[in-house]
Amino acid sequence: MAVAEAVPLENLQIPVIFVIGGPGSGKGTQCAKIVEKYNYTHLSTGDLLRDEVNSGSERGKRLEETMQRGELVSLDEVLQLLKEAIQRHLKTSKGFLVDGYPREVEQAIRFEKEVCKCSFLLYFDVSDGTMTKRLLQRGISSGRVDDNETTIKSRLQTFHSHSQPILDYFGDKVKKIPAEREPEEIFLEVCNYLSAHQSC
Ligand code: AP5
Ligand code: MG
């Protein structure tokens, strides 16, 4: 089946939730907990990109250079990977958690035009200092090319230069969650919100 065309997700009436926040804000950690409880499909654009890098393809080599600089990869490339992943899970998914997307307003516009409307956004709000500390700690063992001081600075800069327009664009659809607490405490707030919006 061709994957470049719009995916008819509207017909399935399942939630499609964008999960956003700075580098190390806890997107992946909270998504894992949501998956455990709600059985949604977790699609992290960072993970999809790293899978492509690990495949050793020419495209992967280009992507890795961009990620190592802490910059955004091209919209077309990331959206294509996302569409392919959605397509793979379409028949069985109870809902999609789209982690790390959108990173700029244009990504949101293109997704909603070519795939479907998002139900709402979860935004994990954490200070730069805390995110840096978490990532440096993780960097000791993660093996990620971007978990180093220089790239973390650049990732934070990239995040700050694009995030506010996304929040403005989606307005009331954004659920901002203070995320400098214990993971379980944050998750409780996530659950309360998800339970109240299950029909989205
Ligand atoms: P991506 O892989 O998405 O990285 P990121 O956004 O920088 O965020 P992380 O995955 O590092 O952190 P996270 O928020 O998931 O936090 P986590 O739960 O892991 O993207 C990587 C790169 O790919 C980008 O820089 C870009 O180049 C490219 N890219 C990706 N998406 C793109 C897109 N849409 N468009 C263009 N380019 C794109 O937690 C981090 C650490 O903190 C862990 O060790 C965890 O255990 C710990 N932790 C989590 N929560 C807590 C807590 N509450 N208290 C204490 N520690 C905690
Ligand atoms: Mg992540």
Side-chain angles (χ1 to χ4, degrees), residues 3 6-51 72-73 75 78-126 131 159 162-200:
V3 290
V7 183
L9 272 183
E10 278 95 343
N11 300 337
L12 290 181
Q13 297 190 322
I14 56 174
V16 175
I17 303 164
F18 289 156
V19 181
I20 61 171
S25 58
K27 302 183 291 295
T29 301
Q30 293 299 320
C31 282
K33 291 180 176 298
I34 296 169
V35 167
E36 212 175 297
K37 178 160 176 168
Y38 295 91
N39 209 9
Y40 289 166
T41 307
H42 178 205
L43 300 178
S44 152
T45 48
D47 288 345
L48 292 172
L49 290 163
R50 279 183 288 277
D51 287 347
L72 298 182
V73 311
L75 192 165
V78 76
L79 184 55
Q80 182 60 27
L81 286 173
L82 204 44
K83 283 180 181 176
E84 288 169 8
I86 288 173
Q87 196 71 62
R88 282 196 297 275
H89 295 278
L90 197 53
K91 283 197 178 134
T92 53
S93 183
K94 291 188 159 61
F96 287 101
L97 294 168
V98 184
D99 163 359
Y101 191 102
R103 304 238 177 188
E104 52 185 356
V105 169
E106 190 57 26
Q107 292 193 357
I109 293 170
R110 286 277 304 277
F111 185 98
E112 292 205 314
K113 185 164 169 237
E114 297 176 32
V115 183
C116 68
K117 292 277 180 206
C118 85
S119 309
F120 51 84
L121 295 85
L122 297 177
Y123 166 41
F124 295 108
D125 187 27
V126 177
M131 291 193 278
F159 168 67
H162 296 292
S163 59
Q164 192 56 48
I166 297 173
L167 304 180
D168 295 341
Y169 181 77
F170 282 106
D172 290 347
K173 268 191 161 183
V174 179
K175 171 62 180 168
K176 182 174 171 176
I177 299 179
E180 288 200 43
R181 299 168 280 166
E182 288 301 310
E184 280 310 326
E185 211 183 314
I186 298 164
F187 186 54
L188 206 58
E189 188 168 345
V190 169
C191 289
N192 288 339
Y193 189 79
L194 290 184
S195 299
H197 293 78
Q198 276 283 28
S199 59
C200 293

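Bear in mind the structure is a predicted one, so any value in this text is a computation, not a measurement.
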Output for pair (S93 OG, N39 CG), nearest 0.5 Å, gives 8.5 Å
**Request:** May I ask you to test the P102-Y169 pair for a side-chain heavy-atom distance under 4.5 Å?
**Result:** no
Tell me, do F96 and L82 make a side-chain contact under 4.5 Å, heavy atoms counted?
no
C118 and F170 have their tightest heavy-atom pair at SG-CE2, 3.9 Å
Taken to the nearest 0.5 Å, the spacing of T45 OG1 from L79 CG works out to 10.5 Å
Practice problem: May I ask you to test the F18-I166 pair for a side-chain heavy-atom distance under 4.5 Å? | Solution: no
Closest non-hydrogen contact found for S119 with P15 is OG-CA, 3.4 Å
Taking C-beta and beyond as the side chain, do F187 and T29 meet within less than 4.5 Å on heavy atoms? no
Is the count of non-hydrogen atoms from other residues, nucleotides or ligands lying under 6.0 Å from Q164 atom CD greater than 12? yes
Are side-chain heavy atoms of V78 and Q107 found at a separation under 4.5 Å? yes
Please determine whether side chain to side chain contact (heavy atoms under 4.5 Å, CB included) holds for the pair I177 and Y193, giving the CA-CA distance in whole Å, both sets of side-chain angles, and the decisive distance to 0.1 Å. CA-CA 10 Å; I177 299 179; Y193 189 79; 5.6 Å; no
Check: Does any non-hydrogen side-chain atom of L167 lie less than 4.5 Å from one of K176?
Finding: no
Output for pair (M131 CE, E180 CD), nearest 0.5 Å, gives 8.0 Å
- Do K37 and K33 come close enough that some side-chain heavy atom pair is under 4.5 Å? no
Between the CD1 atom in I20 and the CG atom in D125, the distance rounded to the nearest 0.5 Å is 10.0 Å
Of Q80, R88, Q87, the one forming a side-chain hydrogen bond (donor to acceptor under 3.5 Å, both in side chains) with E84 is Q80
Closest heavy-atom pair, K94 versus Y40, reported as atoms and distance to 0.1 Å, is O-CE2, 3.6 Å
May I have the step-by-step check of side chain to side chain contact (heavy atoms under 4.5 Å, CB included) for F159 and S25, ending in yes or no?
CA-CA 11 Å; F159 168 67; S25 58; over 6 Å; no
Value for CD1 (I186) from CG (L122), rounded to nearest 0.5 Å, stands at 12.0 Å
dist L97:CG -> L43:CG (nearest 0.5 Å) comes out at 8.0 Å
Closest non-hydrogen contact found for Q30 with P183 is NE2-O, 3.2 Å
Smallest heavy-atom separation, H162 atom then R103 atom, equals CB-O, 3.0 Å
Review point. Can S44 and Y101 be said to form a side chain to side chain contact (heavy atoms under 4.5 Å, CB included), step by step?
Key: CA-CA 8 Å; S44 152; Y101 191 102; over 6 Å; no
Any side-chain heavy atom of H197 sitting closer than 4.5 Å to one from I17? no
